[in-house]
Every structure is written in C-alpha cells, then in structure tokens.
Amino acid sequence: QVQLVESGGGSVQAGGSLRLSCAASARTFSSYAMGWFRQAPGKEREFVAAISQSSLNIYYADSVKGRFTISRDNAKNTGYLQTNSLKPEDTAVYYCAAGWAAGTKDYEYRFWGQGTQVTVSS
C-alpha cells in the first residue's frame with residue numbers, strides 16, 4: 001500500500017509558476033511509475049504527465065508540453081510537477097498517482113493522492 005500526499009497548489013496569475021509535490025509513504029516508491037492527472041470542474045480527469053521508475057521515460061500531454069516538467073527523487077520518496085507559464089485553462093485539482101507503468105490512462109494507476117487545487121486567474 002502506498003499513500004500519496006500532494007502539496008504546493010495555490011492561486012496564481014496567468015504566466016506564474018507553481019511546484020507541486022507528491023510525497024509517498026512507502027520506501028517502495030522507487031518501484032512505481034508516477035503520473036500526474038488533473039480534473040477541472042465539470043470535466044473528466046485528464047492525463048498531464050508521467051515518469052517511469054528510473055526517470056528514463058517521461059511523457060506529457062500536448063497541452064502542457066514545454067511548460068510543465070515532471071521529476072522524481074526516489075531517495076526522498078517524492079515526485080514533482082513544475083508548472084510554468086500557467087494559463088487559466090490549467091485551473092483544476094491536480095492528482096498524483098503511482099502504478100506499475102508510466103501510462104497515460106488513469107486506470108493504469110493503482111494508488112492516488114487526495115489532490116491539490118491549482119487556480120490560475122487571468
């Protein structure tokens with residue numbers, strides 16, 4: 001069992017940045033791929049970024065490519081999502097997830113955090 005806790009969300013103006021963190025409870029964090037998803041009000045949850053266990057494979061949604069950066073520190077059992085050049089359409093609850101493979105589908109992830117709110121104003 002892996003418990004994930006996100007932090008770092010907040011309210012920023014368009015063009016701003018936030019660094020989201022995902023702290024894992026288990027030392028087995030390095031055994032899991034990690035993904036970030038987001039869900040805006042009235043919309044389905046969507047893929048944002050994923051990173052494999054050793055950080056060799058990284059994937060981004062087209063909507064965030066070039067603006068967001070996913071990373072992880074296995075020694076600290078923590079994953080990160082650096083969000084730059086934020087836009088109002090990035091407003092959503094951001095979730096981190098852990099699974100066996102760095103996929104782009106939410107059903108590929110077994111463990112989920114509670115989410116952190118990101119609000120971007122114009």
Side-chain angles (χ1 to χ4, degrees):
Q1 189 77 10
V2 178
Q3 292 182 330
L4 304 172
V5 179
E6 302 96 334
S7 61
S11 296
V12 296
Q13 291 189 329
S17 300
L18 287 171
R19 189 191 195 200
L20 308 184
S21 298
C22 175
S25 62
R27 294 182 179 180
T28 55
F29 175 69
S30 61
S31 301
Y32 295 94
M34 186 186 72
W36 285 92
F37 291 77
R38 66 186 182 187
Q39 187 167 20
K43 295 186 177 181
E44 294 186 353
R45 186 163 56 189
E46 64 174 1
F47 168 75
V48 175
I51 186 169
S52 62
Q53 288 84 336
S54 59
S55 304
L56 287 178
N57 297 306
I58 292 176
Y59 307 97
Y60 295 101
D62 288 343
S63 60
V64 306
K65 201 171 293 184
R67 300 187 298 122
F68 290 12
T69 302
I70 189 171
S71 63
R72 63 190 297 161
D73 186 339
N74 288 338
K76 296 182 179 180
N77 294 330
T78 303
Y80 305 96
L81 184 69
Q82 177 68 43
T83 66
N84 298 329
S85 302
L86 284 163
K87 305 175 181 179
E89 51 264 42
D90 293 319
T91 295
V93 176
Y94 283 70
Y95 299 91
C96 70
W100 296 120
T104 62
K105 306 297 184 183
D106 56 7
Y107 59 75
E108 298 180 274
Y109 294 87
R110 182 176 179 184
F111 304 106
W112 291 82
Q114 84 290 347
T116 185
Q117 177 70 46
V118 172
T119 302
V120 185
S121 58
S122 58

(message) If hydrophobic residues (ILVMFWY) are linked whenever their side-chain heavy atoms come closer than 4.5 Å, directly or via other members, who joins W36 in its cluster?
(response)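 Members besides W36, by chain and number: V12, L18, L20, F29, M34, V48, I51, I58, Y60, V64, F68, I70, L81, L86, Y94, V118, V120.
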Spatial distance of atom [atom1] ([X]) from atom [atom2] ([Y]) [nearest 0.5 Å]:
| X | Y | atom1 | atom2 | value |
| --- | --- | --- | --- | --- |
| S122 | Q13 | OG | CD | 9.0 Å |
| Y109 | L4 | OH | CG | 11.5 Å |
| K105 | R45 | NZ | CZ | 13.0 Å |

Of all heavy-atom pairs between [X] and [Y], which one has the smallest distance, and what is that distance?
| X | Y | result |
| --- | --- | --- |
| S85 | S17 | N-OG, 4.2 Å |
| P88 | A14 | CD-CB, 4.2 Å |
| A102 | A33 | N-CB, 3.4 Å |
| A50 | G103 | CB-O, 3.6 Å |

(request) Kindly indicate, with the supporting measurements, whether the criterion ring pair (Phe, Tyr, Trp, His ring centres under 6.0 Å) is fulfilled by Y59 and F47. (result) CA-CA 10 Å; Y59 307 97; F47 168 75; 7.7 Å; no
Can you tell if the side chain of [X] reaches within under 4.5 Å of the side chain of [Y], non-hydrogen atoms only?
| X | Y | result |
| --- | --- | --- |
| R38 | D90 | yes |
| R72 | S55 | yes |
| V5 | Q114 | yes |

(request) Please identify each residue that fulfils side chain to side chain contact (heavy atoms under 4.5 Å, CB included) with Q3, with sequence neighbours left out. (result)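 So Q3 forms a side chain to side chain contact (heavy atoms under 4.5 Å, CB included) with S25.
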(request) Using atom types as modelled and distance alone, determine if a side-chain donor or acceptor of Y95 lies under 3.5 Å from a backbone N or O of E6. (result)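 No; judged by distance alone, with no hydrogens or angles, the pair does not exist.
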(message) Quick check against the 3.5 Å criterion: does N74 have a side-chain atom that pairs as donor or acceptor with the backbone of Q53?
(response)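 Yes; at least one donor-acceptor contact below 3.5 Å.
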(request) Kindly assign one of parallel, tilted or perpendicular to the pair W112 and F37, based on the angle between their ring planes and the thresholds 30° and 60°. (result)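 Taking F37 first and then W112, their aromatic rings sit tilted (interplane angle of 30° to 60°).
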(request) Could you walk me through whether T91 and Q117 pass side-chain contact (heavy atoms from CB on, under 4.5 Å), step by step? (result) CA-CA 8 Å; T91 295; Q117 177 70 46; 4.0 Å; yes
(message) Regarding K65 and D62, does a basic nitrogen lie under 4.0 Å from an acidic carboxylate oxygen?
(response)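 Answer for the salt bridge query: yes.
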